Amino acid sequence: MSGVSWQAKELTIGELSERSGVPASALRFYERRGLIDSSRTSGNQRRYARDTLRRVAFIRVSQRVGIPLATIREALALLPEGRTPSKEDWACVSEHWRQDLTERIRQMTMLLEKLTDCIGCGCLTLERCALANPCDVLGEQGSGARRFEGQTVRGSEPAIAPTGESAGTPPRRPGFSGGTSGLPSRG
């Protein structure tokens with residue numbers, strides 16, 4: 001590290017950038033979005049309190065897991081102004097996010113597990129989709145990835161093949177060719 005004084009109560013934007021590893025342009029962006037604050041010198045130069053380092057680290061980690069900036073801003077608003085947040089203050093932020101993070105983990109785990117299988121999007125373009133979502137029964141329950149969105153779906157995986165079809169043959173969707181490609185028939 002170059003000339004960053006660790007005893008200084010305030011950091012310049014260059015010092016904050018160097019210490020946090022975040023470009024100065026991103027720090028200015030965070031400030032415009034109300035995520036961090038600075039004071040100004042008589043020469044209109046930004047100065048950041050040292051606890052801004054922890055806030056910037058929190059922002060970066062939160063962004064890495066896909067949390068939107070508006071949600072990050074709401075969490076940071078729970079922290080006190082005018083003093084360095086304590087361990088209890090950060091615990092309050094953590095508790096505020098516990099349910100949201102747990103739900104995000106559940107959705108990511110489900111995506112990981114179902115990525116090679118049907119997530120119920122209704123595309124019927126993969127051979128497996130014709131087996132996992134016969135006749136696009138999931139489409140009757142609404143748009144979107146029905147299984148991924150945690151919807152309980154009845155009738156999407158019949159135990160018995162529809163009448164006139166063998167168990168190894170996927171059911172036919174009206175208006176579609178007899179194959180499993182899911183492409184509409186042309187005539």
Side-chain angles (χ1 to χ4, degrees), residues 1-123 125-126 138-139 141-153:
M1 294 263 147
S2 62
V4 177
S5 171
W6 301 115
Q7 288 79 31
K9 292 187 180 192
E10 293 185 320
L11 302 170
T12 65
I13 193 166
E15 291 168 337
L16 181 59
S17 174
E18 180 181 350
R19 180 64 182 92
S20 67
V22 175
S25 59
L27 295 172
R28 288 188 290 273
F29 175 79
Y30 293 160
E31 190 172 348
R32 283 192 307 273
R33 295 291 186 256
L35 298 165
I36 60 174
D37 293 316
S38 69
S39 59
R40 298 294 179 132
T41 67
S42 58
N44 203 30
Q45 295 176 332
R46 288 177 169 89
R47 293 292 184 265
Y48 297 92
R50 290 196 57 79
D51 63 84
T52 306
L53 280 167
R54 181 169 258 192
R55 291 172 192 254
V56 170
F58 176 77
I59 293 165
R60 296 301 279 201
V61 168
S62 301
Q63 284 182 303
R64 279 193 201 120
V65 296
I67 297 174
L69 287 179
T71 305
I72 296 169
R73 183 176 42 252
E74 290 171 9
L76 289 172
L78 298 172
L79 297 175
E81 292 188 33
R83 71 170 173 81
T84 300
S86 66
K87 183 177 181 179
E88 291 77 23
D89 295 325
W90 286 105
C92 177
V93 170
S94 173
E95 188 57 38
H96 180 72
W97 272 8
R98 185 169 305 284
Q99 185 176 357
D100 181 55
L101 292 175
T102 300
E103 179 60 19
R104 285 174 184 273
I105 290 167
R106 186 192 69 75
Q107 287 180 348
M108 285 189 242
T109 301
M110 190 184 320
L111 176 61
L112 182 63
E113 291 170 355
K114 295 185 182 258
L115 196 57
T116 58
D117 200 359
C118 178
I119 60 173
C121 66
C123 67
T125 57
L126 301 174
L138 296 173
Q141 298 183 13
S143 60
R146 306 311 298 165
R147 288 187 176 140
F148 181 74
E149 293 169 354
Q151 301 293 328
T152 303
V153 179

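These figures come from a predicted structure and were not determined experimentally.
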All salt bridge (charged side-chain N to carboxylate O under 4.0 Å, His left out) counterparts of E31, not counting sequence neighbours = R46
Does the side chain to side chain contact (heavy atoms under 4.5 Å, CB included) test come out yes or no for T12 and R47, once each step is laid out?
-> CA-CA 5 Å; T12 65; R47 293 292 184 265; 3.5 Å; yes
Between R54 and P85, is there a donor-acceptor pair closer than 3.5 Å when you use the side chain of the first and the backbone of the second?
-> no
Calculate, to the nearest 0.5 Å, the distance between atoms CD and CD belonging to Q45 and E10 respectively.
-> 11.5 Å
Test item: L112 and T109 side chains (from C-beta on) under 4.5 Å apart, heavy atoms | no
Between R106 and T102, is any pair of side-chain heavy atoms under 4.5 Å apart?
-> no
Where at least one partner belongs to residues 64-78, residue pairs that pass salt bridge (charged side-chain N to carboxylate O under 4.0 Å, His left out), sequence neighbours excluded = none
Rounded distance [0.5 Å steps], CG in L78 versus NE2 in H96 = 5.0 Å
Quick one: do the Q99 and E103 side chains pair a donor with an acceptor below 3.5 Å?
-> no
R104 and P68 have their tightest heavy-atom pair at NH2-CD, 3.4 Å
Find the distance between CZ (R55) and CG (L79) and round it off to the nearest 0.5 Å.
-> 5.0 Å
Apply side chain to side chain contact (heavy atoms under 4.5 Å, CB included) to the pair Y30 and R60, showing each step before the final yes or no.
-> CA-CA 11 Å; Y30 293 160; R60 296 301 279 201; 3.1 Å; yes
So CG of L53 and CD of E15: to nearest 0.5 Å the spacing works out to 10.0 Å
For the student: nearest non-hydrogen atoms of V93 and F58, plus distance = CG1-CZ, 3.7 Å
Test applied, side chain to side chain contact (heavy atoms under 4.5 Å, CB included); reference residue, L27; option that passes from T52, I13, L35 | I13
For side chain to side chain contact (heavy atoms under 4.5 Å, CB included), just list the numbers for Y48 and V56, CA-CA rounded to whole Å, side-chain angles, deciding distance to a tenth of an Å, and then say yes or no.
-> CA-CA 11 Å; Y48 297 92; V56 170; over 6 Å; no
CG on L16 to CD1 on I36, rounded to 0.5 Å | 6.0 Å
What closest approach, in Å, do S17 and A24 show between heavy atoms, and which atom pair accounts for it?
-> OG-N, 3.5 Å
Atom pair CD1 (I67) and CG (D100), whose distance is rounded to the nearest 0.5 Å = 6.0 Å
Shortest non-hydrogen separation from D89 to P80 and the atoms involved | OD2-CG, 3.4 Å
